[in-house]
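Protein chains get the first letters and strands the later ones, always in sequence-line order, with residue 1 at the start of each.
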Number of protein chains: 2
Amino acid sequence: MPDPDQTYLLDRQVGYLMRRANQRHLALFAQGIPELTPTQFAALARLCQSGQASQNALGRATSMDAATIKGVIDRLRRKGYVAATPDPGDNRRILLEPTPEGRAAFDRLAPLAHGITAATLAPLSPAERKAFLDLLERLC
Amino acid sequence: MPDPDQTYLLDRQVGYLMRRANQRHLALFAQGIPELTPTQFAALARLCQSGQASQNALGRATSMDAATIKGVIDRLRRKGYVAATPDPGDNRRILLEPTPEGRAAFDRLAPLAHGITAATLAPLSPAERKAFLDLLERLC
DNA sequence: CTCACACTGTTTGTATACGAACAAGATCGA
DNA sequence: TCGATCTTGTTCGTATACAAACAGTGTGAG
């Protein structure tokens, strides 16, 4: 009889559980906000709340590497939510700013995003939700 | 002064935190087990523990849709860890089985995978780790 | 027995995600 | 001022992930 502590239990591994919990969250998000992905919404939210940022700086502020943030911003620009202008003080940089449509979209969607977070955490009691977020925050 | 409960706080949204915690986990996994991705390892683990499965069934058992599991299995076959034979009882199906190399790799890597789970949860106390996994499990 | 339906694996298109390499621009020490 | 070094944005390659469409196969109700 093998030691149960040594048996590999896929269903109790953090990585596997996080992947599945995230799948559920992504489905809820896509259902609640079909026009933007969670990643795009995160970038838009940060930009609306910080006002202005270079592309790579926004990437760092939202945990996306340079290659990833590029695609995300390309799509937000194509949707007309983000405007880009060259930085007069640094010719390498692109200054990003939300357009009025981008700000309006964020204001309209933020309550929905709150609802999606609530729906994701719905299986937990209010106290458990706070405990879970606190623990999760420490794993970043 | 805006109601702080209505303000959108990106850093307290489950989706954003799960994405970041998962990034940290993926980095730990890639460092500890460079030869396989977490997804590939999950598929191999399930196959080693179930013995045999069709491609789509294995996908369902590991929460991957048909398109995703195909690529994962293609790569595991290319590495020589999984063998595929046509199912004699159903001409649509492909029967998958771990190769001896696949079993050996799983036996060798399972302890490392355990260590990666431990490293991911390292910021938490033992009691917090169990609490976190229990809560996370309920969000799938 | 048939035929509608379900299921299998495949392909295409889109969207993260990251490593690696690159050119152009900025910066700072010697 | 010059040059090593860093930063910025870009591109390429690889790997999940999922929706949608597809052809081939199996199955069960009538």
Protein within reach of the bases, or only the backbone? For nucleotides 5-17 of chain D, mark each nucleotide 5' to 3' as B, S or -, using heavy atoms under 4.0 Å. --BSBBB---SSB
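The pair A:Asp74-A:Arg78 does not meet the salt-bridge criterion, since no charged nitrogen lies less than 4.0 angstrom from a carboxylate oxygen.
Atom CZ in B:Phe41 sits 8.0 Å away from atom CG in B:Leu112 (nearest 0.5 Å). Rounding to the nearest 0.5 angstrom, the gap separating the OG1 atom in B:Thr39 from the CZ atom in B:Phe29 is 8.5 Å.
For the side chain to side chain donor-acceptor pair (under 3.5 Å) condition, the pairs that include at least one residue of residues 126-140 of chain A, sequence neighbours left out, are A:Ser125-A:Glu128, A:Glu128-B:Arg138, A:Lys130-A:Asp134, A:Asp134-B:Arg12, A:Glu137-B:Arg12, A:Arg138-B:Glu128. Sorted by first then second residue, the side chain to side chain donor-acceptor pair (under 3.5 Å) pairs that include residues 17-28 of chain A, not counting sequence neighbours, are A:His25-A:Thr120. For residues 94-108 of chain B, every residue pair satisfying the salt bridge (Lys or Arg N to Asp or Glu O under 4.0 Å) rule, not counting sequence neighbours, is listed here: B:Glu35-B:Arg108. Within the structure, salt bridge (Lys or Arg N to Asp or Glu O under 4.0 Å) contacts touching residues 46-69 of chain A (residues at least two apart or in different chains) are A:Arg46-B:Asp11.
Distance CG (B:Asn91) to P (D:dT27): 11 Å, rounded to an integer number of Å.
Under the 3.5 Å distance criterion, the side-chain polar atoms of B:Gln55 are left unmatched by any main-chain donor or acceptor of B:Ala84.
Using a 4.0 Å cutoff to heavy atoms of chain A, the contacted part of DNA chain C runs 5' to 3' from C:dA15 to C:dA26.
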